[in-house]
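A quick write-up on the structure given underneath.
We name chains A, B, ... by the order of the sequence lines, and we start the count at 1 in each one. Everything numeric here is computed off the predicted structure, so don't read it as measured data.
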Amino acid sequence: MSDPKSEDFRAMKARRGRNILLAAALFAFVVIVFIVTLAKMGANGAAPL
Amino acid sequence: MSEQAVISIIPAKAARWQDYVRLLKPRVMSLVVFTALTGLVCARVPMNPVLAVVAILCIAVGAGGSAALNMAHDADIDALMRRTRTRPVPSGRVQAADARALGITLSLFSVALMGLATNTLAAGLLAFTIFFYAIVYTVWLKRRTPQNIVIGGLAGALPPLIGWASASGTAPLGAWLLVAIIFLWTPPHFWALSLYTQGDYAKARIPMMPVVKGPASTRRQILAYSLFLAPLGVAPAFMGLGGLLYLAVAAVGGAGFVALAARLAASRAGDAMADGREDVSESLYDVAAAAKPARDLFAFSILYLFSLFATLLVERMLAVAPLTAAWVPHA
């Protein structure tokens, strides 16, 4: 079992935090692009032909 | 075991996610967001609120990307200055290459998303602003000329124009007026700060104005810029942007700015440090008595710019009519 005070443990914890942040950022980007697409499609649909 | 082998197994300082957030200079980012939002709202063009939020987000992320590129490039001089030595790269928590990769990635994503969500003009202006800050200011100007923050200040001044362009797809005179206000505000703001941090700049060999031309010349130039800034700050009230409240805030704020700049010009702020005596304060606000006129102007300059843009924003949100119709050339 890892010693909570060891450098390895701290490094692993920090890496995990970074990975979660990266995953959240990528997921947020996908969601934003999806929402922007819907908003643009809505705007175009509402425009007169 | 050889010394090299021992060094190689010592783990590098582990970067936490907070270090990557700090690379984006969140405090600068908040000012960028605020001025960009004011520009977007002042455009008076109906905009899908989702796209407006995304546009502001793109400007914030673009500013963060350029800040990360700045920190990656300036790690060597940041390590020499008290104000910047705890930043993630000079303190060894983040590698410069990682900061650079983050900066490039965020810059590309923000520009692409801005183009997708709004228009080409806004995306182009955002790309230009990132380039201007990360390359023109950071790489070309900062270590070469005492005019570094004068010319480089354009990058910090452009966000209202990007916000305006994202809403309207245009870049009219009113938007450029907001840019001009921030552009003229930047030199007195930074030079007031550098008057009492010049020891650090000299140590890092950054040619800030007090280091190159001396404190007396810097104090005079601060006053000169303030005399141009105060009337320009009032101008939005006469160009269809601001109402009566804006006129009052800009007039009183401008008078206060000039008064503090005149007090600074008459003082000897910065002279002690130029003589080789160091200000050992770690804080931007807790300074030696002689430096107080510089500290006061630095603090007031932040309040002044915030007040101008906040008043424009509030007036527009409350649908307060501007004092004059929008100024149109040849009308």
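- Closest approach of B:Ala99 and B:Val94 over heavy atoms only: N-CG1, 4.1 Å.
- Surrounding CZ of B:Arg44 are more than 12 heavy atoms belonging to other residues, nucleotides or ligands, all under 6.0 Å away.
- Using a 4.0 Å cut-off between a side-chain N of Lys or Arg and a carboxylate O of Asp or Glu, B:Arg83 and B:Asp200 do not qualify as a salt bridge.
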Inset, instruction - Kindly determine whether B:Ser166 and B:Leu40 satisfy side chain to side chain contact (heavy atoms under 4.5 Å, CB included), including the steps that lead there. - result: CA-CA 7 Å; B:Ser166 69; B:Leu40 186 147; 3.6 Å; yes
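- Remark: B:Phe306 CZ is loosely packed, at most 12 non-hydrogen atoms of other residues, nucleotides or ligands lying under 6.0 Å away.
- Contacts from residues 113-123 of chain B to chain A, taken as heavy-atom pairs separated by less than 4.5 Å, involve B:Leu113, B:Leu116, B:Ala117, B:Thr118 in sequence order.
- The aromatic rings of B:Tyr137 and B:Tyr133 sit parallel, their planes meeting at an angle under 30°, below the 60° perpendicular limit.
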